[in-house]
**Student:** 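Pasting a structure below so you can have a look.
Just so we're on the same page: letters track the sequence lines, and every chain starts at 1. Because the structure is predicted, anything quoted here is derived from the model rather than measured.
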Amino acid sequence: IAGITQAPTSQILAAGRRMTLRCTQDMRHNAMYWYRQDLGLGLRLIHYSNTAGTTGKGEVPDGYSVSRANTDDFPLTLASAVPSQTSVYFCASSREPYNEQFFGPGTRLTVL
Amino acid sequence: DAKTTQPPSMDCAEGRAANLPCNHSTISGNEYVYWYRQIHSQGPQYIIHGLKNNETNEMASLIITEDRKSSTLILPHATLRDTAVYYCIVRLTGGGNKLTFGTGTQLKVEL
C-alpha cells in the first residue's frame with residue numbers, strides 16, 4: 001500500500017541517549033518534513049527537505065538533525081535526547097514543496 | 001502566512017452537513033486556503049485546498065467568499081468517523097515549506 005511509514009510507533013528513552021526516528025515514503029515525493037506536536041502548541045516544523053540531498057531548518061531545529069540520502073527515506077536523529085523532546089513526531093511528504101502534505105502515523109517519544 | 005481564526009468546537013448530527021468556518025482577513029492574493037483534519041492519535045490528513053474558486057472533491061467542498069477573507073469547509077453528510085480537529089491553513093504557493101497549524105476546530109459528530 002502506497003504511503004508513508006514511521007518507526008518506531010512509540011519509544012521510551014533515557015535522557016542523553018541517541019535516537020533515530022525513521023520515515024519512509026513510497027510515493028516518490030520530492031519533499032519531506034518532520035513535525036513535532038505538543039499539547040497546546042500544535043504542530044511545529046523541525047526540519048524539511050525539498051529534494052534528495054538537501055535539507056533545511058524549520059522553526060524548532062535545535063537538538064535535531066536530518067539527512068536525505070535518497071528520495072524515500074528521511075531519518076530524524078536526536079543526538080542526545082532531553083526531556084523537552086518528549087513529543088509526538090510526525091513525518092510528512094509532498095510531491096513538490098508547495099503541494100499538499102501527506103502525514104505518517106506518528107512516533108510517540110518519551111524522554112525520561 | 002496569513003493568520004486564521006476558527007471556532008474552537010462544533011457539533012453536528014450524523015447525516016447532516018457540517019459547515020466549518022474560517023476567517024483569514026489578512027490573506028494576500030497569492031495565498032491558498034488549505035484544510036486538514038486530525039483524527040485522534042493519527043497524523044493530519046489533507047482534505048482540500050483552493051485559491052479563489054469553490055472546490056469540491058470526494059471528501060468535502062470548499063467555499064471561499066468573493067473577497068477571500070473567509071471560507072467554509074462543508075462535509076455534506078457527516079459521519080461519526082468525521083469527528084476530528086479541522087485545521088484551516090493559509091499558505092503561499094511556491095514558497096515556504098511550513099504548514100502553520102493553529103488550534104483548529106474540534107468537530108464532534110453525534111448520533
**Student:** Give a yes or no on whether Leu80(B) atom CG has more than 12 heavy-atom contacts from other residues, nucleotides or ligands under 6.0 Å away.
**Tutor:** yes
**Student:** For chain A, which of Pro44(B), Gly104(B), Gly43(B) has the most heavy-atom pairs under 4.5 Å?
**Tutor:** Pro44(B)
**Student:** Could you give all pairs that pass the ring pair (Phe, Tyr, Trp, His ring centres under 6.0 Å) test and reach residues 5-32 of chain A, with sequence neighbours left out?
**Tutor:** His29(A)-Phe102(A)
**Student:** Tell me, with the steps shown, if Gln38(B) and Phe90(A) meet side chain to side chain contact (heavy atoms under 4.5 Å, CB included).
**Tutor:** CA-CA 12 Å; Gln38(B) 188 172 23; Phe90(A) 289 103; 3.5 Å; yes
**Student:** Which answer fits Glu96(A), side chain, backbone, both or neither, if we ask what part of it has an atom under 4.5 Å from a heavy atom of chain B?
**Tutor:**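 Interface part for Glu96(A): neither.
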**Student:** Any residues in residues 47-75 of chain B near chain A, with a heavy-atom distance under 4.5 Å, and which are they?
**Tutor:** His49(B)
**Student:** Quick check on the structure: residues of residues 103-112 of chain A within a heavy-atom distance below 4.5 Å of chain B, by number.
**Tutor:**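 So the qualifying residues are Phe103(A), Gly104(A), Pro105(A).
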**Student:** What part of Gln6(A) lies closer than 4.5 angstrom to a heavy atom of chain B: side chain, backbone, both or neither?
**Tutor:** neither
**Student:** For Asn99(A) and Tyr34(B), which heavy atoms make the closest approach, and how far apart are they?
**Tutor:** C-OH, 4.4 Å
**Student:** Got Gln101(A) and Tyr46(B) here, is their nearest side-chain heavy-atom distance under 4.5 Å?
**Tutor:**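 No - every pair of side-chain heavy atoms lies 4.5 Å or more apart.
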**Student:** Hey, can you pull the donor-acceptor pairs under 3.5 Å for the side chains in residues 11-23 of chain A, sequence neighbours left out?
**Tutor:**
residue: Thr20(A); atom: OG1; partner: Thr77(A); partner atom: OG1; Å: 3.1

